[in-house]
Amino acid sequence: MDMGYAHWMVTEGRKEKEPPFSRSPSSEAYRRLLAETLNLNRTRIFAFKNKPPVPVELIPRQHTSSSASSSSTYHQQPKPAKPRTSERALDAPDIVDDFYLNLLDWGSSNIVAIALARSVYLWDASHGSTSELVTVDEEHGLFTSVNWAPDGRHLAIGLENSEVQLWDAASNKQLRTLKGGHRCRVGSLAWNNHILTTGGMDGLIMNNDVRIRDHIVGTYRGHSQEVCGLKWSASGQQLASGGNDNLIHIWDRRRSSMAAAHQWLHRMEEHTAAVRALAWCPFQANLLASGGGGGDMSIKFWNTITGACLNSANTYAQVCGLLWSKSERELLSSHGFTGNQLTLWKYPSMVKTAELRGHTSRVLFLAQSPDGCTVASAAGDETLRFWNVFGDPAEAAREKSAPKANSEPFSWVNRIR
């Protein structure tokens, strides 16, 4: 590190030294004094005996933090994602580890429904109590899907034998069974007011009016393999469907008549694996997020008016589920191999802001609490976990109950335009 000293060692220092007996005491004393003055008594260059002195701050840090942060904004790197743990974990024995099923849902009455093999259980999130709703015998097969109606009281349950049961969860009574529509298991369900849309392994999508006897009021034909994802838009005018044929279809509710069965609004073919994860954006109309399976591993965003793909992000893992935050521009995804984690993304930059780990198998099923703060996840490891990923439920309850103040002066004055 000292080029002057190194040069001296190469040139002068390697010359044959004068014999000690030829030096006088005065010259030897002068030599030692000169060596100490010029710091030439060094034999190990990287031997630091003492720590370097701490630099003295000429200006206190609190006076420079604000200006320094503004000047270094463009040089800061994004913070690494911080792992989070679940708030609660419950056992979910005998849950079916099947990518194409939908076995978990959280209703507006704050009750979680989960299908475990041939039984459906209800967990009341307000009181922490668990009850068994129904158990079927072997001839009915396994339960393959559950979905709450918007009222949070009525629950639709799909079965392996192609039937769909409707239950009143408040009174624990079965209301009716929908038959004659599908030929195979019903793996996906989606409510739109009084219309229950069902997707089957036969590739068919059916609209069922649960108020009338002849309940099938419309059929969509477009998938060649099992329909594993169904989601109605908030307006109730568009239906998104995903299938094992790697396709996404956007259907218009007004075209659900029997005569227009093949008339989808858009057909998206960009995914290269089964599409089960679908989520409509709550803050931007006509924006749909979709996730591909193990052969695709991407999250894509679609304009459902034009059918255009707006963006695509590689997650490097099987995408099993997607949920939007109701308060922030964030998207949560659940994954299979290789991480078996939940990942929180900032939208639209798709910067990873958090990873939630705890499951030891692929996280197949996601559901969101009515207040939007908590997410329930169920995996093949037979556990049901709860994560406060989108905020504190207690704080959300306080904000909801508190009166809203005017955010700007003179807000009571009528605007000109």
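Using a 3.5 Å distance cut-off with no hydrogens or angles, the side chains of Ser108 and Trp148 do not pair a donor with an acceptor. Using a 3.5 Å distance cut-off with no hydrogens or angles, the side chains of Asp296 and Thr272 do pair a donor with an acceptor.
Checked by atom type and distance alone, the side chain of His335 pairs as donor or acceptor with a backbone atom of Gln318 at under 3.5 Å. A distance-only check finds a donor-acceptor pair linking the side chain of Ser109 to the backbone of Gly152 [under 3.5 Å]. At distances below 3.5 Å, not a single donor-acceptor pair connects side-chain atoms of Asp209 with backbone N or O atoms of His215. Remark: the backbone N or O of Pro93 is not paired with any side-chain donor or acceptor of Asp91 at under 3.5 angstrom. Side-chain atoms of Glu160 come within 3.5 Å of backbone atoms of Leu142 as a donor-acceptor pair (strictly under, hydrogens ignored). Side-chain atoms of Asn192 come within 3.5 Å of backbone atoms of Gly236 as a donor-acceptor pair (strictly under, hydrogens ignored). Formation of a donor-acceptor pair under 3.5 Å by the Thr353 side chain with backbone atoms of Leu344 is found in this model. Judged by distance alone, the side chain of Ser334 and the main-chain N or O of Val363 form a donor-acceptor pair under 3.5 Å. Side-chain atoms of Ser145 do not come within 3.5 Å of backbone N or O of Asn102 as any donor-acceptor pair. In this structure, Asn286 contributes its side chain and Asn303 its backbone to no donor-acceptor pair below 3.5 Å.
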Inset, instruction - Begin from the C-alpha positions of Leu331 and Leu322 and carry the test side chain to side chain contact (heavy atoms under 4.5 Å, CB included) through to its verdict. - result: CA-CA 7 Å; Leu331 180 68; Leu322 292 172; 4.1 Å; yes
Inset, instruction - Begin from the C-alpha positions of Met201 and Tyr100 and carry the test side chain to side chain contact (heavy atoms under 4.5 Å, CB included) through to its verdict. - result: CA-CA 9 Å; Met201 196 175 186; Tyr100 304 101; over 6 Å; no
Inset, instruction - Determine, stepwise, if the pair Asn207 / Tyr220 fulfils side chain to side chain contact (heavy atoms under 4.5 Å, CB included). - result: CA-CA 8 Å; Asn207 285 340; Tyr220 298 118; 3.5 Å; yes
Inset, instruction - Show your reasoning for whether side chain to side chain contact (heavy atoms under 4.5 Å, CB included) applies to Arg267 and His249. - result: CA-CA 5 Å; Arg267 182 172 185 163; His249 287 98; 3.5 Å; yes
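Applying the ring pair (Phe, Tyr, Trp, His ring centres under 6.0 Å) test to residues at least two apart or on different chains, none of the pairs has a partner in residues 170-207. Sorted by first and then second residue, the pairs that involve residues 176-193 and meet salt bridge (charged side-chain N to carboxylate O under 4.0 Å, His left out), not counting sequence neighbours, are Asp98-Arg185, Glu163-Lys179, Arg185-Glu226. The stretch residues 346-377 participates, sequence neighbours left out, in these ring pair (Phe, Tyr, Trp, His ring centres under 6.0 Å) pairs: Phe301-Tyr347, Trp324-Tyr347. Applying the side chain to side chain donor-acceptor pair (under 3.5 Å) test to pairs two or more places apart or on separate chains, those with a residue in residues 308-317 are Lys300-Ser312. Annotation: salt bridge (charged side-chain N to carboxylate O under 4.0 Å, His left out) contacts involving residues 126-151, sequence neighbours excluded, are absent.
Residues meeting the side-chain hydrogen bond (donor to acceptor under 3.5 Å, both in side chains) test with Ser162, sequence neighbours left out: none. Looking at residues two or more places apart in sequence or on another chain, you find a ring-ring contact (aromatic ring centres under 6.0 Å, His included) between Trp123 and Phe386. Looking at residues two or more places apart in sequence or on another chain, you find no side-chain hydrogen bond (donor to acceptor under 3.5 Å, both in side chains) involving Glu328. The side-chain hydrogen bond (donor to acceptor under 3.5 Å, both in side chains) check on Gln238 picks up Thr304, with sequence neighbours excluded. Applying the ring-ring contact (aromatic ring centres under 6.0 Å, His included) criterion to His266, with sequence neighbours excluded, gives no partner residue. In this structure Phe99 satisfies the ring-ring contact (aromatic ring centres under 6.0 Å, His included) test with no other residue, sequence neighbours excluded. Residues passing the side-chain hydrogen bond (donor to acceptor under 3.5 Å, both in side chains) test with Arg153 are Asp168, sequence neighbours excluded.
Remark: of the listed residues Asp392, Asn388, Asn110, Asn388 is the sole one forming a side-chain hydrogen bond (donor to acceptor under 3.5 Å, both in side chains) with Thr374.
To the nearest 0.5 Å, atom CG of residue Leu323 and atom OG of residue Ser377 are 10.0 Å apart.
A salt bridge links Arg362 with Asp97: the distance from a Lys NZ or Arg NE/NH1/NH2 to an Asp or Glu carboxylate oxygen falls below 4.0 Å.
Other residues, nucleotides and ligands contribute only 12 or fewer heavy atoms inside 6.0 Å of the CZ atom of Arg88.
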